[in-house]
Protein chains: 2
Amino acid sequence: MSKTVHQRRPPASVAVAVDLVIFTVRDGRLQVLLIERGNTPYRGQAALPGGFVRDGETLDATARRELREETGVSADSLHLEQLRAYSEPDRDPRGRIITIAYLAIGPDLPMPQAGTDASAAHWTPVSPILDRQIALAFDHEEILRDGLERARSQLEHTTIATAFCREPFTIADLRQIYEAVWGVPLDPSNFRRKVLKTKGFVKPIGERRLPDIGRPAALFHRGLAEILTPPLMRSGTASISREEM
Amino acid sequence: MSKTVHQRRPPASVAVAVDLVIFTVRDGRLQVLLIERGNTPYRGQAALPGGFVRDGETLDATARRELREETGVSADSLHLEQLRAYSEPDRDPRGRIITIAYLAIGPDLPMPQAGTDASAAHWTPVSPILDRQIALAFDHEEILRDGLERARSQLEHTTIATAFCREPFTIADLRQIYEAVWGVPLDPSNFRRKVLKTKGFVKPIGERRLPDIGRPAALFHRGLAEILTPPLMRSGTASISREEM
DNA sequence: CCGACTTATGGTCAAGCTCACCTAAATGAC
DNA sequence: GTCATTTAGGTGAGCTTGACCATAAGTCGG
């Protein structure tokens, strides 16, 4: 910050929190990690995991700590990026709380161990939330929507899709990530061509046969590239228009 | 926010501020609005304009207020978007201050009226800052770099370039924006074709002859579109690689 | 072992877009 | 008029895209 002239005016007293939008793809559907609130307000309702910043802690550190404490997920090994700040004065009935939302993306994770803080955490498909069949506490639905749009956009321009996959993975695994997040079917052949043409996206190794049925698929690790050039754009085949966005 | 289980642990006491990266293009160069700091720390050094959030104020409102107070710029009529939060515990020697940076973009603006709070504000070309010939206070250089990268990226995917232009403008005006922000020359003919092909980017009207020399150019207003499909990508002609990014 | 089925992989082809040029048009300076 | 300059518009090779087809390599049920 950097006030120059009129210095007088006490800074407002605000609390700063971090909320997490944690996505994964399980059985072909995009899912988000929610907790059931144990305290008022919104007691018993679903909410994004989160918590207050502590002294001497960066927001990134807060995000990693909450990830561990509330969900039992090891902070490394998954993609974590800042989304944005939410600051409506009345967004939290308890008082003035500004929250900085984070987007986290990981492979289908080992889930909540009972007995830990994470016991209230559970994966929930995203669609019923978007369709307003499940209501979230606070302004968390808005945060979720923003997080989803960010994730969809990042899939176009970066290689984060690989963060959804446990290594090693097949091209089909990767394609299913795109299909689940974008909500559209993609042509397997064309998808494959684009992924393989983009240098540094994926790196081949051996073979496998896991499919209960069908030809075995080649396996890959993540490549070194972070940014996709050219971008892998949605829009192509099916209709995205309905849904929301 | 949404703590569930262990509620005990007092929220850290933090102040929340907003800092502004305000860009414009003047005589072909990208410039940023800086103020000279009047108080310690970093007294006399250049810094981004900014200030503390007040009670009951959203961050957007803070950004608009500071824009007006510190720079004399009317908040409407220019593009304003949130960049991200900066939270290193020691980023400000005065104490724990988390800042949310905003990116603002406007046409070559009427500048600082002496006598107002804005008297310390002045436009500065961006390049000498990137080249470390001018040092900014706090972590403002990092914020500036992030703001620049966001602006460059937004030029690819959205129509904000028109926010740099005073209406009405010519295709050449628009092209100079791209050249100044991206730092690369563009082919006038190809640029024109892409802009005109993208529906909703610009909207034609009459003619004008402002060039001291040369054929008169058609004039345009901003179109209705916000998003560019397809994106207008950099990379094409010259080398971007060096610089920073 | 055989054929049906499933999924992966690979190829083809027309349409569209990009980039690097080239040419024409419109103006002021001389 | 001629020239320099800038806008406007065109052309063609090369690449990418999307739709679609063909083949490969497995499993499964007989």
Side-chain angles (χ1 to χ4, degrees), chain A residues 27-28 155-157 165 168-180 182 184-199 201-220 227-241, chain B residues 27-28 155-157 165 168-180 182 184-199 201-220 228-240:
Chain A
D27 42 69
L155 248 53
E156 294 187 329
H157 304 292
C165 297
F169 53 85
T170 68
I171 300 283
D173 292 338
L174 198 60
R175 177 168 47 83
Q176 281 161 20
I177 301 299
Y178 277 88
E179 293 178 331
W182 284 351
V184 298
L186 297 175
D187 182 286
S189 185
N190 293 337
F191 179 82
R192 173 170 222 277
R193 183 180 15 148
K194 288 194 199 179
V195 169
L196 293 182
K197 178 161 41 188
T198 305
K199 271 197 278 287
F201 195 175
V202 297
K203 194 173 50 179
I205 23 176
E207 285 258 353
R208 97 171 170 203
R209 75 187 56 209
L210 40 124
D212 304 333
I213 190 76
R215 174 177 175 172
L219 288 173
F220 298 84
I227 297 181
L228 290 181
T229 46
L232 211 162
M233 311 265 290
R234 44 186 160 165
S235 74
T237 322
S239 55
I240 337 174
S241 40
Chain B
D27 42 70
L155 248 54
E156 294 187 330
H157 305 292
C165 297
F169 52 85
T170 68
I171 300 284
D173 292 337
L174 198 60
R175 177 168 47 83
Q176 281 160 21
I177 301 300
Y178 277 88
E179 293 178 332
W182 284 351
V184 298
L186 298 175
D187 182 286
S189 185
N190 292 336
F191 179 82
R192 171 170 222 277
R193 173 165 38 92
K194 288 192 197 179
V195 169
L196 292 182
K197 177 160 42 187
T198 305
K199 271 197 278 285
F201 196 174
V202 298
K203 192 173 52 178
I205 23 176
E207 285 260 350
R208 96 172 170 202
R209 74 188 57 211
L210 48 122
D212 304 331
I213 189 76
R215 172 176 177 173
L219 288 172
F220 299 84
L228 290 182
T229 45
L232 211 162
M233 311 265 289
R234 44 186 160 164
S235 72
T237 321
S239 56
I240 338 174

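Each chain gets a letter, A, B and so on, in the order the sequences are listed, and its residues count up from 1.
By the 6.0 Å contact criterion, CG on A:D212 is open, its count of non-hydrogen atoms from other residues, nucleotides or ligands being 12 or less.
When all heavy atoms of B:R192 and B:I171 are compared, the pair lying nearest together is CA-CG2, 4.0 Å. Scanning all heavy atoms of the two residues, the minimum distance from A:P216 to A:R208 falls at CB-O, 2.7 Å.
In this structure, B:R209 places its CZ atom 14 Å from C1' of C:dA25, rounding to the nearest Å. Look at CZ on A:R208: it is 14 Å from P on D:dT27, rounded to the nearest Å. Distance, B:E207 CD to C:dA26 C1': 9 Å, rounded to whole Å. The distance between atom CG of B:L186 and atom C1' of C:dC21, rounded to the nearest whole Å, is 16 Å. Between A:M233 atom CE and C:dT18 atom P there is a gap of 11 Å when expressed in whole angstrom units. Residue B:F191 contributes atom CZ, which lies 12 Å from atom P of D:dT7 at whole-angstrom precision. Rounded to whole Å, the distance from OH on A:Y178 to P on D:dG18 is 13 Å. Remark: C1' of C:dA8 and NZ of A:K194 are 19 Å apart, rounded to the nearest angstrom.
Considering only heavy atoms from C-beta on, B:V202 comes within 4.5 Å of B:L196 through its side chain. By the 4.5 Å heavy-atom criterion applied to side chains, A:F169 and A:I177 are not counted as neighbours. Counting heavy atoms from C-beta outward, A:M233 and B:P231 have side chains that approach closer than 4.5 Å. In this structure the side chain of A:D173 never reaches within 4.5 angstrom of the side chain of A:F220, judged on heavy atoms.
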Contacts under 3.5 Å, N or O only, protein and nucleotides 10-16 of chain C:
unit_1	atom_1	unit_2	atom_2	d
C:dG10	OP2	A:R192	NH1	2.2
C:dG10	OP2	A:R192	NH2	3.4
C:dG10	N7	A:S189	OG	3.2
C:dG10	O6	A:S189	OG	2.8
C:dG11	O6	A:S189	OG	2.8

Between protein and nucleic acid, restricted to nucleotides 4-6 of chain D and to nitrogen or oxygen atoms under 3.5 Å apart, what atom pairs and distances do you find?
unit_1	atom_1	unit_2	atom_2	d
D:dT6	O2	B:R215	N	3.1

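The nucleotide whose nearest atom lies closest to any side-chain atom of B:A217 is, among D:dG18, C:dT9, D:dT7, D:dT7.
Nearest-nucleotide assignment on DNA chain C puts the 5′-proximal partner with B:P231, out of B:P231 and B:D212. Between B:I171 and A:K197, it is B:I171 whose nearest contact on DNA chain D lies nearer the 5' terminus.
In this structure, CD on B:Q176 lies 10.5 Å from CG on B:D27, to the nearest 0.5 angstrom.
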Check against side-chain contact (heavy atoms from CB on, under 4.5 Å), B:F201 and B:K194 = CA-CA 10 Å; B:F201 196 174; B:K194 288 192 197 179; over 6 Å; no
